[in-house]
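To keep things clear, I will list the structure first and then write my remarks on it.
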Amino acid sequence: MTTPDLHGRTAIITGASRGIGLAIGQRLAEAGANVVLTSRTQDSADAAAAQVNGAALGVAAHVADGDAARRCVELTLQRFGSVDILVNNAGTNPAFGPLIEQDHARFAKIFDVNLWGPLLWTSCAVKAWMGDNGGVVVNTASIGGMSHAPLMGMYNATKAALIHITKQLALELSPGIRVNAICPGVVRTRLAEVLWKEHEQDLAATMPLGRIGEPVDVADAVMFLVSDAASWITGQTLVIDGGQILGDATGFREG
């Protein structure tokens, strides 16, 4: 597959100091895009930008802070002149456990970061640039938003809501702005460590493709969605999970 040409375009990726967000930034920069990587601290944002081979800017911005979001968009326009791509990747899960054991503080934090954040940054990007010039938005959801799992109820609820909002935004912002979601399965990231670190081989054995995901697997899918190759795709949810959502593959294999 040929690498899309993203020269002349600028992407903001939230939650990009490591893992999937950083891999997306690196991949889009390889295709020629200018990339702006956000993190909660300037040091971590700068460290991420230093790991990108291309035009990269690190910006400190908490994803749920409206002033920080607007400042980041303004800095991006000042530095690069456009905001053509927005990847709402930042996420958190302080609410691991049964739903009835959650308190309002954890509820508020997880919905602020995982749901309000994407809405806030999309609004800022649209009002500052995309509304007049067009653009592409990709929201990082999860296969958890399409199913149920022990102890993951609150996180999965935010991702289910994000899938719904992706479709709503795709309608509201059409035809000039495309909005899609990605749904990764278990990927080798710090956020997902509880799902794989102590039993990676056993988990991988149940997956149709026989391994957990790597951040670059997700980054490649995002690059497709933001490129012209996906110019007739909007409001969709792309699952990137090695077939995990299909169920346990062990019993289907010979031997």
Side-chain angles (χ1 to χ4, degrees), residues 11-25 27-28 36-41 44-45 48 59-66 68-69 72 85-97 99 102 105-125 137-149 151-166 169 179-197 212-219 221-222 225 237-241 244-245:
I12 297 176
I13 304 105
T14 66
S17 63
R18 59 178 186 264
I20 290 172
L22 177 57
I24 292 170
R27 199 71 181 93
L28 300 189
V36 176
L37 312 170
T38 81
S39 184
R40 284 174 291 182
T41 69
S44 60
V59 177
H62 188 284
V63 71
D65 184 333
C72 179
I85 298 164
L86 172 65
V87 182
N88 289 307
N89 177 72
T92 190
N93 186 15
F96 188 74
L99 284 176
Q102 305 308 316
R106 283 181 288 181
F107 175 93
K109 180 176 181 179
I110 197 169
F111 271 86
D112 264 359
V113 171
N114 293 0
L115 196 60
W116 172 244
L119 279 173
L120 168 66
W121 285 75
T122 301
S123 175
C124 291
V137 177
V138 176
N139 296 321
T140 300
S142 166
I143 61 169
M146 308 171 78
S147 60
H148 306 86
L151 309 179
M152 296 290 290
M154 193 66 73
Y155 178 84
N156 290 351
T158 66
K159 297 304 184 177
L162 185 56
I163 291 169
H164 177 87
I165 279 176
T166 296
L169 286 171
V179 186
N180 292 291
I182 53 168
C183 281
V186 178
V187 179
R188 194 184 308 280
T189 66
R190 187 181 301 179
L191 180 64
E193 276 185 347
V194 68
L195 302 177
W196 61 267
K197 192 167 186 180
I212 68 170
E214 302 293 342
V216 70
D217 293 318
V218 182
V222 170
L225 286 174
T237 301
L238 178 57
V239 175
I240 313 148
D241 71 341
Q244 182 183 358
I245 202 168

Search all heavy atoms of [X] against all heavy atoms of [Y] and return the closest pair with its distance.
{"X": "G145", "Y": "A160", "answer": "O-CB, 3.4 Å"}
{"X": "T237", "Y": "M146", "answer": "CG2-SD, 4.4 Å"}
{"X": "C183", "Y": "I163", "answer": "SG-CD1, 3.7 Å"}
{"X": "T41", "Y": "A60", "answer": "C-CB, 3.7 Å"}
{"X": "M154", "Y": "F107", "answer": "SD-CD1, 3.6 Å"}
{"X": "A141", "Y": "P184", "answer": "O-CD, 3.4 Å"}

Out of curiosity, [X] [atom1] to [Y] [atom2], how far, rounded to the nearest 0.5 Å?
{"X": "D241", "Y": "I143", "atom1": "CG", "atom2": "CD1", "answer": "5.0 Å"}
{"X": "S147", "Y": "M152", "atom1": "OG", "atom2": "CE", "answer": "9.5 Å"}
{"X": "T140", "Y": "K159", "atom1": "OG1", "atom2": "NZ", "answer": "6.5 Å"}
{"X": "L169", "Y": "N88", "atom1": "CG", "atom2": "CG", "answer": "9.0 Å"}
{"X": "L28", "Y": "I13", "atom1": "CG", "atom2": "CD1", "answer": "5.5 Å"}

Q: Please say which of L37, V36, N89 ends up in a side-chain contact (heavy atoms from CB on, under 4.5 Å) with I12.
A: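 Passing option: V36.
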
Quiz: residues 109-121 side-chain donor-acceptor pairs under 3.5 angstrom, not counting sequence neighbours:
| unit_1 | atom_1 | unit_2 | atom_2 | d |
| --- | --- | --- | --- | --- |
| N114 | OD1 | T92 | N | 2.9 |
| N114 | ND2 | T92 | O | 3.0 |
| N114 | ND2 | T158 | OG1 | 3.1 |
| W121 | NE1 | V63 | O | 2.9 |

(Q) According to side-chain contact (heavy atoms from CB on, under 4.5 Å), who are the partners of S17, at least two apart in sequence or on a separate chain? (A)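 Partners of S17 by the side-chain contact (heavy atoms from CB on, under 4.5 Å) criterion, ordered by chain and then number, come out as S39, S44.
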
**Q.** side-chain contact (heavy atoms from CB on, under 4.5 Å) partners of E214, counting only residues at least two apart
**A.**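 For E214 the side-chain contact (heavy atoms from CB on, under 4.5 Å) partners, ignoring immediate neighbours, are R188, R211, V216, D217.
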
Q: Kindly determine whether N180 and L238 satisfy side chain to side chain contact (heavy atoms under 4.5 Å, CB included), including the steps that lead there.
A: CA-CA 8 Å; N180 292 291; L238 178 57; over 6 Å; no

Q) Counting only heavy atoms not in R106, do more than 12 sit closer than 6.0 Å to its CZ atom? A)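 It does: R106 CZ has more than 12 such atoms within range.
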
